[in-house]
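Heads up, the thing below is written out as C-alpha cells.
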Amino acid sequence: MPDCFTFWPFSRRPAVRLTDDLEANPAAYVKHCPFCHVSKENGFNIIYEDEKFVAFKDRNPSSRHHIQLIPKTHIGSVKDLCSSDVELVKTMANLGDTILEQLDVPPHARKMGFHIPPLNSIDHLHLHIQGLPYVSRLRACKYPVAQGNGKHTKGFSWFVTTEQTINILMGSNHVRVLPC
C-alpha cells in the first residue's frame with residue numbers, strides 16, 4: 001500500500017537502534033539526535049551517569065522535579081521496544097525510583113513514563129521521571145495515563161507508564177497510542 005494511505009499517528013516506524021559498535025552502523029542516525037550528545041559541555045544539567053544511562057534535568061520542567069533518563073545506546077522510541085527490552089525498562093524504572101528517592105519525593109507523588117510517537121519531541125528513548133505536583137494543569141495534560149480494560153493493559157493515550165510498558169512488552173506486544 002502506498003505511504004499516502006498510512007494512518008500516520010498509528011503506523012509503526014521501523015526500529016532504529018545503534019549498538020555500541022558504531023563502525024557497523026551508520027553514525028548519521030546519531031548525528032542529528034540531541035540526546036546522543038548529552039554532556040555538560042552541550043548544556044545538559046546531568047544528575048546521574050553510568051556506563052549505560054544518563055539522567056539530566058528537563059530544560060522546561062512540567063513538574064516540581066522533572067528528569068529525563070536515556071540509554072546511551074540510541075533507541076528511537078518506546079514503539080521500537082520488544083519483549084527482549086523488558087529488563088531495560090525495569091532498569092530504567094529502578095533508576096528513576098532511586099533518583100526520586102534521593103530527591104525525597106514520596107512514592108505517591110512519583111510518575112514515570114514515555115511519550116508515544118508521533119506525540120514525542122525527541123526520537124531517542126527517554127523516560128520522564130517526575131516528582132509531582134505539576135507546575136500547571138495544562139502541563140499535566142501532556143502526561144495522561146489511560147488504564148486499559150480486560151484485554152488491554154493501557155487505553156487510548158499518548159503517554160505510557162513504565163508498569164504499562166513492561167506488561168505490554170511481556171505480552172509480546174508493542175506500545176502504541178491505541179489501546180494495547
Side-chain angles (χ1 to χ4, degrees), residues 1 3 5-20 25 29 33 35-36 48 50 52-56 58 62-63 65-101 105 107-132 134 139-180:
M1 180 158 61
D3 286 339
F5 295 110
T6 304
F7 192 46
W8 69 267
F10 306 110
S11 62
R12 184 161 158 68
R13 290 185 283 189
V16 176
R17 187 182 289 251
L18 295 181
T19 62
D20 296 332
N25 294 293
Y29 293 109
C33 175
F35 284 0
C36 284
Y48 174 85
D50 65 20
K52 294 183 179 183
F53 300 98
V54 179
F56 53 91
D58 192 288
S62 293
S63 58
H65 299 287
H66 192 165
I67 291 98
Q68 304 287 344
L69 176 65
I70 62 168
K72 289 185 176 179
T73 300
H74 186 91
I75 300 171
S77 75
V78 69
K79 284 177 75 173
D80 297 324
L81 300 178
C82 58
S83 59
S84 63
D85 294 310
V86 168
E87 288 306 314
L88 170 79
V89 177
K90 285 181 179 179
T91 301
M92 292 177 81
N94 289 337
L95 284 171
D97 273 329
T98 300
I99 290 168
L100 291 173
E101 202 170 283
V105 177
H108 72 275
R110 298 176 186 181
K111 190 171 191 180
M112 292 187 287
F114 306 96
H115 278 118
I116 305 167
L119 302 164
N120 61 330
S121 55
I122 304 283
D123 283 329
H124 186 122
L125 183 69
H126 55 285
L127 176 64
H128 291 268
I129 302 169
Q130 299 174 327
L132 305 179
Y134 285 109
R139 289 293 183 88
C141 292
K142 290 175 62 176
Y143 308 93
V145 176
Q147 299 304 321
N149 57 23
K151 65 179 188 173
H152 295 112
T153 300
K154 123 185 178 3
F156 180 84
S157 175
W158 54 87
F159 187 78
V160 61
T161 67
T162 52
E163 295 86 11
Q164 289 174 324
T165 303
I166 291 165
N167 290 333
I168 291 166
L169 297 177
M170 287 175 61
S172 296
N173 293 314
H174 292 280
V175 175
R176 59 184 191 252
V177 173
L178 292 173
C180 52

Completion exercise
Those residues at least two apart in sequence (or on a different chain) that pass salt bridge (charged side-chain N to carboxylate O under 4.0 Å, His left out) with K90 are E87

Practice task
Would you indicate whether the side-chain heavy atoms of T98 and Y48 approach each other to under 4.5 Å?
Solution key: no

Problem - Side-chain touch L69/M112, heavy atoms, less than 4.5 angstrom - result: no

Handout entry: Steps toward side chain to side chain contact (heavy atoms under 4.5 Å, CB included) verdict (W158, N120)
Key = CA-CA 8 Å; W158 54 87; N120 61 330; over 6 Å; no

Practice task
State, yes or no, whether a side-chain contact exists between F159 and V78 at a heavy-atom distance under 4.5 Å.
Solution key: no

Fill in the blank from the handout: Taken in chain and number order and not counting sequence neighbours, the residues that satisfy salt bridge (charged side-chain N to carboxylate O under 4.0 Å, His left out) with D97 are R110

Problem - Beyond-backbone contact of F156 with V177, side-chain heavy atoms, under 4.5 angstrom - result: yes

Practice task
Report the relative orientation of the aromatic rings in H115 and H128; use parallel for angles under 30°, tilted for 30 to 60°, perpendicular for over 60°.
Solution key: perpendicular

Practice task
Would you sort out whether L127 and L95 count as a side chain to side chain contact (heavy atoms under 4.5 Å, CB included), showing the intermediate values?
Solution key: CA-CA 10 Å; L127 176 64; L95 284 171; over 6 Å; no

Exercise for the section: Using a 4.5 Å cut-off on heavy atoms from C-beta on, say whether the side chain of R176 contacts that of I168. Expected result: no

Under 3.5 Å, sequence neighbours excluded: what are the donor-acceptor pairs made by side chains of residues 146-153?
from: N149; atom 1: OD1; to: H152; atom 2: ND1; distance (Å): 3.2

Problem - Pairing residues for Y143 by the side chain to side chain donor-acceptor pair (under 3.5 Å) criterion, not counting sequence neighbours - result: S62

Practice task
Could you pull out all residues at least two apart from H65 that satisfy side chain to side chain contact (heavy atoms under 4.5 Å, CB included)?
Solution key: I67, L103, V105

Handout entry: For I122, all residues meeting side chain to side chain contact (heavy atoms under 4.5 Å, CB included), sequence neighbours excluded
Key = P34, F35, H124, H126

Problem - Close side-chain approach of L81 and I75, heavy atoms under 4.5 Å - result: yes

Practice task
Check side chain to side chain contact (heavy atoms under 4.5 Å, CB included) between S83 and all other residues, then give those that pass, not counting sequence neighbours.
Solution key: S172

Practice task
Report the C-alpha distance between T91 and K52 in whole Å, list the side-chain angles of each, state the deciding distance to 0.1 Å, and finish with yes or no for side chain to side chain contact (heavy atoms under 4.5 Å, CB included).
Solution key: CA-CA 10 Å; T91 301; K52 294 183 179 183; over 6 Å; no

Practice task
Starting from the C-alpha separation in whole Å, work towards a yes-or-no answer on side chain to side chain contact (heavy atoms under 4.5 Å, CB included) for V175 and I116.
Solution key: CA-CA 8 Å; V175 175; I116 305 167; 3.7 Å; yes

